[in-house]
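Step one of this worksheet: look at the structure below.
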There are 2 protein chains.
Amino acid sequence: MKKKVTSQDVADYAGVSRTTVSFVLNNVKRFSISPKTAAKVRNAAKELGYVPNASARALASQRAKAIGLIMTRSPEYIATDPFLPQILGGLLDVVKQNGLGLLVEWVEPGQQLRTYLELTRARQIDGMIVMTPREDDTGLKALEEAEIPAVLMGYIPGSNLYSVDIDNVQAAKAAVEHLIELGHERIACITNAARPYTSANQRYEGYKAAIENAGLAFDESLVRYADFNGHSGYDRMKSLLDNNLNFTAVFVASDSVAFGAMAAIRDAGLRIPEDISIVGFDDIPMASYVTPNLTTIQIPAKEIAEQSCHLLIQLMQGDLSQNRAITLPTQLIIRQSTAHLERRP
Amino acid sequence: MKKKVTSQDVADYAGVSRTTVSFVLNNVKRFSISPKTAAKVRNAAKELGYVPNASARALASQRAKAIGLIMTRSPEYIATDPFLPQILGGLLDVVKQNGLGLLVEWVEPGQQLRTYLELTRARQIDGMIVMTPREDDTGLKALEEAEIPAVLMGYIPGSNLYSVDIDNVQAAKAAVEHLIELGHERIACITNAARPYTSANQRYEGYKAAIENAGLAFDESLVRYADFNGHSGYDRMKSLLDNNLNFTAVFVASDSVAFGAMAAIRDAGLRIPEDISIVGFDDIPMASYVTPNLTTIQIPAKEIAEQSCHLLIQLMQGDLSQNRAITLPTQLIIRQSTAHLERRP
DNA sequence: TCATACTATTAACACGCGTTAATAGCCCTT
DNA sequence: AAGGGCTATTAACGCGTGTTAATAGTATGA
């Protein structure tokens with residue numbers, strides 16, 4: 001290992017004091033440094049390949065120059081999240097532009113309290129983005145009180161935390177209204193996750209609202225709760241089909257889940273969209289490659305990540321004048337998995 | 001913000017010195033502490049909600065208690081990597097078990113040298129896992145020399161770095177041999193990425209070897225180089241089809257790319273597998289949900305991540321007696337996208 | 001009784017950097 | 001020549017923890 005180069009080394013090499021080195025390299029303008037000295041210092045730093053020690057800097061300046069991405073799910077579920085790449089891509093982009101680092105953590109559902117506080121106190125990060133929060137998350141209140149900058153990706157009713165999200169209710173409503181316009185009246189629903197996940201609950205509410213607004217009969221027995229992945233989608237759809245519920249369309253609140261559901265429909269010998277129309281949610285990349293192409297709701301995942309990150313950075317700079325809740329628009333993408341209801345004799 | 005609790009506070013509260021607190025909380029056995037005192041300290045720490053400051057600890061102990069995941073791709077490509085969730089899930093699992101943090105970084109192709117060294121010197125991390133390295137990566141040699149623990153996810157010929165990978169050549173060979181056994185003789189190939197990416201090159205070599213071993217004619221004009229995503233797959237397949245190359249099967253070295261290729265085949269009015277058989281690579285979750293289900297090579301992505309992490313942790317503990325290169329097994333998963341060649345009149 | 005060995009604890013320094021308060025150098029005015 | 005007001009620079013302290021070398025205390029053996 002090459003011997004570590006400290007700012008003292010740079011100072012010696014340039015023939016100035018360590019303080020001067022710090023001023024030059026951090027562009028401290030309160031103390032004017034002559035251009036000649038500054039050049040000497042910069043040159044020395046480059047010559048020696050000086051890289052400031054992050055820990056020491058964090059300790060002295062009281063800021064870690066890093067943010068945390070906190071996921072409230074177990075690795076098992078993280079591994080199957082089709083959105084993660086887009087989220088991460090968006091975050092990494094912004095984070096790097098601002099010279100920050102990104103620390104990824106997950107907390108076991110139930111352990112949130114301890115972990116949020118630990119992360120806060122440990123000061124390894126200056127702020128955090130909480131992904132996929134659950135309404136029953138006990139730690140979020142504590143997070144509000146501790147005044148560490150935090151942004152929710154997603155929304156928790158009643159929480160005072162800053163958040164960036166889509167309007168899940170409206171989006172789900174739009175999806176179901178599309179089916180209604182196509183003449184469907186018995187429309188099933190498979191959520192993306194269990195109800196404590198806000199997004200799942202909101203999409204369910206949107207589904208319900210669309211049904212009721214249209215004067216159709218809402219039937220709870222047409223609803224199933226999936227578990228993020230395609231496997232659960234297959235399972236829930238099978239359950240719907242096995243029960244002879246006589247529906248002609250289904251709203252599936254997640255594309256991943258929808259793919260599983262589609263497989264179940266095919267395995268039952270039914271055709272999409274001739275026998276059953278299906279609308280997804282998310283517009284993950286694969287949605288346009290499956291057969292038939294999936295009609296779905298497009299979520300600007302990357303923008304959500306970017307906006308979250310920008311917001312967090314502003315909070316970290318003490319700028320609190322922002323909107324507490326940012327809502328990003330979604331779009332219904334009509335493809336081939338939905339069709340007019342064909343009345344059968 | 002609650003006032004930060006330092007180890008001094010704990011010491012005062014417990015009526016001992018800060019050193020004792022440190023010894024107790026870090027289980028330093030060289031200096032024996034009486035059980036009574038230890039209990040007093042632990043109790044005080046709990047009472048006050050003491051969480052050690054990560055930066056200070058890192059500075060003093062010369063170890064950051066964190067590892068880095070370095071991706072040599074731009075966020076644009078990161079956003080479309082279907083493997084990322086599995087990798088991340090695997091890493092997070094192991095990382096947490098060992099009380100470490102995970103820092104995610106990306107380096108612009110071409111900027112590797114600077115970034116690897118910066119990360120090394122900054123000491124924000126104790127070791128790093130480099131993902132999807134390229135053969136033309138100039139920074140890896142520097143990484144070898146700097147003696148920071150590092151593990152490659154993937155393999156670079158001629159590199160002395162520790163690595164965890166699958167046998168890409170063998171796996172590709174198995175995929176193509178499957179097609180050959182089905183009677184195909186004109187077999188096209190679309191790689192997952194450009195040649196400088198080792199995995200792309202190795203899969204290409206496997207393809208070539210299988211063709212030649214079987215005594216078939218190798219034809220370079222049947223090869224295209226894709227770019228990770230489905231879009232490029234669509235494009236490359238279209239190029240193959242437009243050129244009237246008369247092939248009956250194709251080996252696509254990435255499922256994502258394969259999905260695009262499948263769409264192109266359908267858009268050309270051809271059927272899978274009746275007109276063209278297709279084998280993918282990766283077995284991403286969607287592979288079993290597309291129509292027809294994709295025959296592909298299964299990669300143990302999560303295990304790769306876990307093994308990489310375990311290996312890295314051992315390196316960080318100074319245990320160098322490990323295998324330099326770990327190779328994990330792959331498996332050909334035969335589904336519905338491949339079929340016997342039907343001789344047309 | 002005294003030296004010895006061992007246990008339990010602590011004072012003090014190091015880690016590398018940011019930053020305030022103080023100092024040295026210099027030109028200009030009176 | 002002396003003071004005044006700049007500008008450029010630095011000594012010195014603090015951030016919170018790990019760790020070594022030294023100290024106080026206590027039991028053991030002759």
Side-chain angles (χ1 to χ4, degrees), chain A residues 1-41 44-45 48-66 99 118 120-124 126, chain B residues 1-41 44-45 48-66 99 118 120-124 126:
Chain A
M1 169 120 37
K2 302 229 182 81
K3 57 213 162 284
K4 52 225 156 197
V5 179
T6 76
S7 69
Q8 183 65 60
D9 296 331
V10 177
D12 293 347
Y13 190 91
V16 298
S17 83
R18 210 172 52 67
T19 308
T20 303
V21 172
S22 175
F23 285 166
V24 171
L25 266 42
N26 294 328
N27 283 320
V28 178
K29 50 200 173 299
R30 247 161 46 72
F31 300 80
S32 39
I33 303 280
S34 72
K36 209 187 74 188
T37 313
K40 226 169 32 181
V41 170
L48 299 177
Y50 170 64
V51 178
N53 178 303
S55 304
R57 183 191 285 239
L59 183 58
S61 68
Q62 299 284 45
R63 54 179 67 204
K65 283 269 192 187
E118 277 191 16
T120 307
R121 302 253 177 81
R123 296 194 145 288
Q124 227 170 0
D126 301 320
Chain B
M1 169 119 35
K2 303 231 182 80
K3 56 213 165 284
K4 51 227 156 197
V5 178
T6 75
S7 66
Q8 182 64 62
D9 297 331
V10 177
D12 292 348
Y13 191 93
V16 299
S17 83
R18 212 174 49 68
T19 308
T20 303
V21 172
S22 175
F23 285 166
V24 172
L25 266 42
N26 294 327
N27 282 320
V28 179
K29 50 201 171 301
R30 246 162 45 73
F31 299 80
S32 40
I33 304 281
S34 73
K36 207 187 75 188
T37 313
K40 226 169 30 179
V41 170
L48 299 176
Y50 170 64
V51 178
N53 179 304
S55 305
R57 183 192 285 239
L59 181 58
S61 68
Q62 301 283 46
R63 56 179 66 207
K65 284 269 191 187
E118 277 191 17
T120 307
R121 301 253 177 80
R123 297 192 145 287
Q124 225 170 2
D126 301 321

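Just so we're on the same page: letters track the sequence lines, and every chain starts at 1.
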Quiz prompt | Whole-Å distance separating the CG atom of A:Leu25 from the P atom of C:dG18 | solution = 8 Å
Exercise. Quickly work out the A:Lys36 NZ to C:dC26 P distance and round it to whole Å.
Key: 11 Å
Quiz item: Tell me: CZ of B:Arg63 to C1' of C:dA14, nearest whole Å?
Solution: 16 Å
Exercise. Starting at NZ of B:Lys4, measure out to CD of A:Gln62 and round the result to the nearest 0.5 Å.
Key: 5.0 Å
Practice problem: Look only at the side chain of A:Asp12 and the backbone of A:Asp9, and say whether a donor-acceptor pair between them is shorter than 3.5 Å. | Solution: no
Exercise. List the protein contact pattern of nucleotides 16-26 of chain D with one symbol per nucleotide (5' to 3'): B for base contact, S for sugar-phosphate-only contact, - for none; contact means a heavy-atom distance under 4.0 Å.
Key: BBBBBB-----
Self-check item: Where B:Thr20 and B:Thr37 come nearest, the two heavy atoms and their spacing
Solution: CG2-CG2, 4.0 Å
Exercise. Return the minimal non-hydrogen interatomic distance between B:Val41 and B:Val10, and the atom names on each side.
Key: O-CG1, 4.1 Å
Quiz item: Between A:Asn53 and A:Thr6, is any pair of side-chain heavy atoms under 4.5 Å apart?
Solution: no
Quiz item: Taking all atoms of both residues into account, what is the closest heavy-atom pair of A:Ala64 and B:Gln124, and its distance?
Solution: O-NE2, 4.0 Å
Quiz item: With respect to the phosphate group of D:dA8, does any side-chain polar atom (N or O) of A:Thr20 fall under 4.0 Å of OP1 or OP2?
Solution: no
Exercise. Rounded to the nearest angstrom, tell me the gap between atom CG in A:Asp9 and atom C1' in C:dC17.
Key: 13 Å
